[in-house]
Amino acid sequence: MPKIKLPDGKNLHFKNKVTGFQIAEKISKSLSKQALIISVDGELKDLSFEIEKDCTVKIITSKDSEGLDAIRHDTTHIMAMAVQEIFPGTKIAIGPAIKDGFYYDFSRKEPFTPEDLEKIEKKMREIVEMDKPTRREVWERKRAKDHYKKIGEDYKVQLVDSIPGDEEVSVYYHGKWYDLCRGPHLTSTGKIGKFFKLTKVSGAYWRGDSKNEMLQRIYGTSWPSKQELEDYLKRIEEAEKRDHRKLGKEMDLFHFREESPGSVFWHEKGWNLFQKLISYMRAKQDEAGYKEINTPEILDRSLWEKSGHWEKFGANMYTSTTPDEKVFAIKPMNCPGCVQVFNQGLKSYRDLPLKMSEFGKVHRYEPSGALHGLLRVRAFTQDDAHIFCSEDQITEECLNVTNLILEIYRDLGFENVILKYSDRPDLRVGDDNVWDKSERALLEAIKVSKLEYSVNKGEGAFYGPKIEFVLRDAIGRDWQCGTLQVDLNLPARLGASFVDKDGSKKVPVMLHRALFGSLERFIGILIENYAGKLPFWISPLQTVVIPVSSEFDNYAKEVNKKIKKNGISSEVDLKNHNLNYKIREHSLSKIPILLICGKKEVDSNTVTIRRLSSEKQENMDLNLFLKKHSALSKAPSN
RNA sequence: GCCCUUGUAGCUCAGCUGGUAGAGCAAUUGAUUUGUAAUCAAUAGGUCCGCGGUUCGAAUCCGUGCGGGGGCACCA
């Protein structure tokens, strides 16, 4: 006599055991049609699952994220089924639902081609059309293993082995085809509907381990309605339009070339943007009490050995041997150099906290497959700083850093910032009481900031806990930028000390922090966030003056001169092209403001303004324009 | 680094099954003097990514190296 409690608090009573489907039917006919799976006391089950005891249930439909996952999980099973039907002998590994879709990993000698994907998709539609019922069977563990061994499904054998001992080994049949799976699954192959699409093939290591063999992964996406599928595809298209590599070319900001993979060739405009960010940061950091320094790019091997980089980071380091056989490393981080600046001369507790910033260009030999435009490069400029302080200054300094980061992100248009806090890893140096202290200090800073944060247990650096600052962009993507780490190790390794009140020498605590992280990366993010339409103040070229015809060249030149004199970066376009052409060209290269000058403007000493992505025309007195825009052309803090 | 894929003019791309290359835009020159997203014409422009091989003959086929892209792994 199970008593079934529903999400709205109502209870349903049944005389005998009851299935999820029957419960849904009892609630309403429409719900029974929409029902995909069921949650029983928080556990997801098939609709055919028989409930015998009292419990709380929720019927899951495609409106629930679990329902969406179930659809995708079913879709990937159907894909695997299609693959094995078309390409007999293909072995199957795993196939989960993921964000926005699903994948399945296969083992097969020949690579899947785009035509194969089409074939597979077609076959999937046939399978959906046949609408075969799903059936769950529980197999005895040994039977499952022997069976999969017999049919040569090596990966399934391994998967059976990794199912925890207290869990049932279940197999789902979709018609004749079956797969080892925990479930739950929809009641039949027709349930997933028509709105799926296979998107790409790629390689993936078995169990995500690069020591293992590489499998072929087919990705796809699946949605409950045509609209949602189309929206998703549109979203992908939108993201592609924002690709900073494409926009960077169109806006003439930078390029890459073969001679130096992963290193940026900055063009005039890109470099202007780069420098603007730096001078903005300089002003901010100056205000916050930082002293800017600069340290060598190339340092002797011995320093890196002392700091521990040679051992821990060596695989990512460029080295250089001189004609006289000395070995130097090109710095992958700024910290050792900065500590050496601290070490020069005697420091007193009165000097603390000592905040040293450095726009240091670092080089890291990243794996070739990791490179990605500006977002993952081999040479980048960090807006780095190291704060030397005493232990009791940690919290306050962390808080200062957090506030500075938030302020800067806000100025650049990012309001949504999430923190990721990582505490002590298993492999670490330093006493536990010091860790207690630094973790407490960092957490305290996070709490005061009142920001949303997640905890990554045991993911801290070997020398201390850390916070990572993740910002969310205009289309909802997360980017990790800033970082703040408490380091109780490096200062000691490199012999840093200060004279305390009592005259004794003490080792300072060092906070590593970067706000943007890497200027290169941040610029990539900025471009994508704004889809190239950068805020006026940060645009490398803020206005272009366009004469309606060459008759007005002189006036246009004069306007341009005045604009530049007011600190706005501007160019005048005197080329022999018509107005339409010039407007198109400069709009495509994302110039925020175009100023049109013709007879009307000359006569009234005005300009006609056309702003990027607006067709509205606005006629304005030239002096008024200058007055209004010269302030806007500067960084917010200046 | 690994799997797949890709590399033709400054850019975007065409070039079927092998017969040493083509378009549009950009550039240059000329005409045009234009009022809010491409004016017209002419000219010039190429180690078809590098190296090696097969072939009478390679942009095309094979091998290899390098670069790009999508993933995986890495990084954070």
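Quick caveat, the model's predicted, so the values are computed rather than measured.
Side-chain proximity of Pro367(A) to A73(B), G35(B), A37(B): nearest is A73(B). Ranking G35(B), A76(B), G70(B) by closeness to the Ile596(A) side chain, first place goes to G35(B). Closest contact between the side chain of Ser210(A) and the listed nucleotides G7(B), A37(B), A73(B) involves A73(B). Of the listed nucleotides (C3(B), G69(B), G67(B)), G69(B) has the atom at the smallest distance from the side chain of Arg245(A). Of the candidates C72(B), A37(B), G67(B), the closest approach to any side-chain atom of Pro261(A) belongs to G67(B). With G1(B), G35(B), C75(B) as the choices, the nucleotide that has an atom nearest any side-chain atom of Arg376(A) turns out to be C75(B). Counting only heavy atoms from C-beta on, Arg584(A) has its side chain closest to A38(B) among A38(B), G70(B), C72(B). Between G35(B), C66(B), A76(B), one nucleotide has an atom nearer to the side chain of Gln485(A) than all others, and that is A76(B).
Between Arg257(A) and the phosphate of G7(B), there is no side-chain N or O to OP1/OP2 separation shorter than 4.0 Å. At the phosphate of G71(B), OP1 or OP2 sits under 4.0 Å from a side-chain N or O atom of Lys200(A). Between Ser368(A) and G1(B) there is a side-chain N or O to OP1 or OP2 distance below 4.0 Å. Contact annotation: Asn580(A) side-chain N/O to U36(B) OP1/OP2 distance is not under 4.0 Å. Note on Tyr219(A): a side-chain N or O is less than 4.0 Å away from OP1 or OP2 of C72(B).
For the P atoms, the distance linking A9(B) with C49(B) amounts to 8 Å, nearest Å. Using P as the reference atom, U6(B) and C16(B) are 14 Å apart when rounded to the nearest Å. Spacing between U34(B) and G68(B) at atom C1', rounded to whole Å, works out to 41 Å. Comparing the P positions of C11(B) and G69(B) gives a spacing of 15 Å, expressed to the nearest Å. Atom name P, nucleotides C2(B) and G46(B): the rounded distance is 36 Å, in whole Å. For the C1' atoms, the distance linking U60(B) with U8(B) amounts to 11 Å, nearest Å.
Sparse packing is recorded around CD of Glu268(A), with 12 or fewer heavy atoms of other residues, nucleotides or ligands lying under 6.0 Å away.
Atoms CG (Asp243(A)) and C1' (G70(B)) sit 12 Å apart, rounded to a whole Å. U36(B) atom C1' lies 9 Å from atom CD1 of Ile546(A), rounded to whole Å. The CG atom of Leu371(A) sits 17 Å away from the P atom of A73(B) (whole-angstrom rounding). Distance, Asn576(A) CG to U29(B) P: 11 Å, rounded to whole Å. For the pair Lys582(A) NZ and A38(B) C1', the computed distance is 14 Å after rounding to whole Å. A straight line from NZ of Lys600(A) to C1' of U36(B) spans 10 Å, rounded to a whole angstrom. Summarising the geometry, the separation between OH on Tyr581(A) and C1' on U34(B) is reported as 14 Å, rounded to the nearest angstrom. Look at NE2 on His586(A): it is 15 Å from P on A37(B), rounded to the nearest Å.
Ring orientation note: the planes of Tyr409(A) and Phe516(A) are close to parallel, at an angle under 30° on the 30°/60° scale. The aromatic rings of His73(A) and His77(A) sit perpendicular, their planes meeting at an angle over 60°, well past the 30° parallel limit. Classified by interplanar angle (parallel below 30°, tilted 30° to 60°, perpendicular above 60°), the ring pair His629(A)/Phe625(A) is parallel.
Using N1 to N3 plus N6-O4 or O6-N4 for Watson-Crick, or N1-O2 and O6-N3 for G-U wobble, each under 3.5 Å, U60(B) pairs with nothing. With a 3.5 Å ceiling on both atom-pair distances, A76(B) lacks any Watson-Crick or G-U wobble partner. When Watson-Crick and G-U wobble pairs are counted only if both distances are under 3.5 Å, C13(B) pairs with G22(B).
The base of A37(B) is paired with the side chain of Arg610(A) by a donor and an acceptor separated by under 3.5 Å.
Among the protein residues, Glu468(A) comes within range of the sugar-phosphate backbone only, with heavy atoms under 4.0 Å from sugar or phosphate atoms but none that close to a base.
Residue Tyr318(A) forms a ring pair (Phe, Tyr, Trp, His ring centres under 6.0 Å) with just one option from Tyr365(A), Phe313(A), Trp304(A), and that option is Tyr365(A). Across Lys628(A), Arg611(A), Arg610(A), a single residue satisfies salt bridge (Lys or Arg N to Asp or Glu O under 4.0 Å) together with Glu618(A), and that is Arg611(A).
A cation-pi contact links Arg217(A) to Tyr103(A), judged by a cut-off of 6.0 Å to the six-membered ring centre and 45° from its axis.
Summary of the strand contacts: Lys575(A) and Ser613(A) both lie near RNA chain B, and taking for each the nucleotide with the nearest heavy atom, the more 5' one is attributed to Lys575(A). The 5' end of RNA chain B is approached more closely, in terms of each residue's nearest nucleotide, by His372(A) than by the other of Asp209(A) and His372(A).
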